[in-house]
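Structure below; questions to follow.
Heavy-atom basis, side chains included; hydrogens, waters and symmetry copies ignored.
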Amino acid sequence: MYPSDQKGFSLIEILVAVGLLAFLSLAIFQTTTSSWETNARLNAESADAEAILLSLQAVENDISQIYTPILGSIPAKPDAKNEQYWSAIVRSDGFRRTRLIGSTEKISFVANNHRRVEAESPESNFQKVSYEVERNSKGTYTLYRSTDWDAFQYEENQAKKPQRVSLIENLSNAKFQFYRTSDKSWQDSWDSENIYTKEETRFPALIKLKIEAPDPTNNANPLAWEIVVKPNQQLNYLDTNARNALKQRFE
């Protein structure tokens, strides 16, 4: 037998305990759910940022490997036809400079950064590269990259389209610019075969790409990303000794 003075919990006490337990369970559930949502959002933002960084690294790698043969100061033929990636024939041996054409929306050049996979493949270390910024029906922009390993096809082949992939999508803005050392200014367009181009500044000293992507947490405050790239190759001026040595080599 139990002592007569031992009592159990009253109904009110049980209800209060159940209510407190339910309240604590709900608070824990909400905190856990909020933590999961925050973690998922941060993972998504991190993945987007990583994708942008990797894409910008690809752009930087291509631009840093812009290539052109150093031919010295040789005037181009005024009636020669220039193509998108190569200049006109200006020497008896057929050697050509590559051509860089750029605008705020597009840039095309030849890069020395291609690596063939198969030994018997008719490819070289060079490839034609083009970047294009296009606006879609939603009003956002996409950065596309096109490559063609057949770098020494001087005439444009309309039957063969270069491989084209989208690097970065859903951009608020994207813009290329080109630095001219003569007046220390950024230009919105460039053509290395322009008739007014000087030999010592045929190619830009720097090339910049600036993009803006929506902030997932605040669409009114876009996130800005920018790269400024200097080509690794000697693209412009040769001093007198180097020019004379190069001239004697090909005479």
- Closest contact, heavy atoms only, Ala111 versus Val129: CB-CG2, 4.0 Å

- Lys175 bridged to Glu105 by N-O distance under 4.0 Å: no

- Message: With ring-ring contact (aromatic ring centres under 6.0 Å, His included) as the criterion, how do Phe109 and Tyr85 come out once you've worked through the C-alpha distance, each side chain's angles and the decisive distance to 0.1 Å?
- Response: CA-CA 6 Å; Phe109 52 89; Tyr85 292 94; 8.2 Å; no

- So Ser64 and Lys230, side-chain contact (heavy atoms from CB on, under 4.5 Å) or not? Walk me through it. CA-CA 6 Å; Ser64 67; Lys230 178 181 179 181; over 6 Å; no

- Is there side-chain contact between Thr142 and Ile168, with at least one heavy-atom pair below 4.5 Å? no

Per-pair distances, 0.1 Å, donor-acceptor, side chain in residues 53-62, under 3.5 Å, sequence neighbours excluded:
unit_1 : atom_1 : unit_2 : atom_2 : d
Ser55  : OG     : Ala51  : O      : 2.9
Ser55  : OG     : Leu167 : O      : 3.3
Asp62  : OD1    : Asn113 : ND2    : 2.6
Asp62  : OD1    : Arg145 : NH2    : 3.3
Asp62  : OD2    : Tyr131 : OH     : 2.4
Asp62  : OD2    : Arg145 : NE     : 2.7
Asp62  : OD2    : Arg145 : NH2    : 3.2

- Query: So do Ser146 and Glu132 actually touch side chain to side chain, heavy atoms under 4.5 Å?
  - Reply: yes

- What is the distance from atom CG of Leu209 to atom CD1 of Ile107, rounded to the nearest 0.5 Å? 9.0 Å

- Atom OG in Ser108, atom CG in Leu100: separation rounded to 0.5 Å? 6.5 Å

- Does some side-chain heavy atom of Phe178 sit less than 4.5 Å from a side-chain heavy atom of Ile207? yes

- Looking only at heavy atoms, what is the nearest atom pair of Ser103 and Phe176, with distance? O-CB, 3.4 Å

- Item | Point-to-point distance, once rounded to the nearest 0.5 Å, from CZ of Arg202 to CD of Glu193 | 5.0 Å

- Message: The test is side-chain contact (heavy atoms from CB on, under 4.5 Å); show your working for Val133 and Leu143 and say whether it passes.
- Response: CA-CA 5 Å; Val133 177; Leu143 178 65; 3.8 Å; yes

- Message: Quick check: do Gln65 and Asn232 have side-chain heavy atoms less than 4.5 Å from each other?
- Response: yes

- Query: Looking only at atom types and distance, does a side-chain atom of Asn136 sit under 3.5 Å from a main-chain N or O of Gly139, one as donor and one as acceptor?
  - Reply: yes

- Do Phe152 and Trp86 have ring centroids that are under 6.0 Å from one another? yes

- Query: Under 3.5 Å, is there a donor-acceptor pair linking the side chains of Asp188 and Gln177?
  - Reply: yes

- From Asn170 atom CG to Ile52 atom CD1, the distance as rounded to the nearest 0.5 Å: 9.0 Å

- Message: Hydrophobic clusters here meaning ILVMFWY residues chained together by side-chain heavy-atom distances under 4.5 Å, can you tell me if Ile227 and Tyr179 are in one?
- Response: no

- Message: Could you check whether any side-chain N or O of Thr181 sits under 3.5 Å from a backbone N or O of Lys184, counting only pairs where one atom can act as donor and the other as acceptor?
- Response: no

- Arg164 to Tyr144 six-membered ring, cation-pi geometry met (6.0 Å, 45°): yes

- Please examine the side chains of Lys208 and Trp186, heavy atoms only from C-beta on, and report whether any two atoms are closer than 4.5 Å. yes

- Honestly, is Lys210 close enough over Trp225, meaning NZ or CZ under 6.0 Å from the six-membered ring centre and within 45° of the axis? no

- Please round to the nearest 0.5 Å and tell me the distance separating atom CZ of Phe126 and atom CG of Asp150. 13.5 Å

- Task: To the nearest 0.5 Å, tell me how far Ser189 OG sits from Ile101 CD1.
- Result: 11.0 Å

- Message: Assess, by modelled atom type and distance only, whether the side chains of Ser185 and Gln187 contain a donor and an acceptor separated by less than 3.5 Å.
- Response: yes

- Query: Got Pro231 and Leu206 here, is their nearest side-chain heavy-atom distance under 4.5 Å?
  - Reply: no

- Query: Does a side-chain heavy-atom distance below 4.5 Å link Ile66 with Phe203?
  - Reply: yes

- Query: Taking all atoms of both residues into account, what is the closest heavy-atom pair of Lys106 and Ser130, and its distance?
  - Reply: CE-OG, 3.4 Å

- Query: Is the closest side-chain heavy-atom distance between Arg96 and Pro69 below 4.5 Å?
  - Reply: no

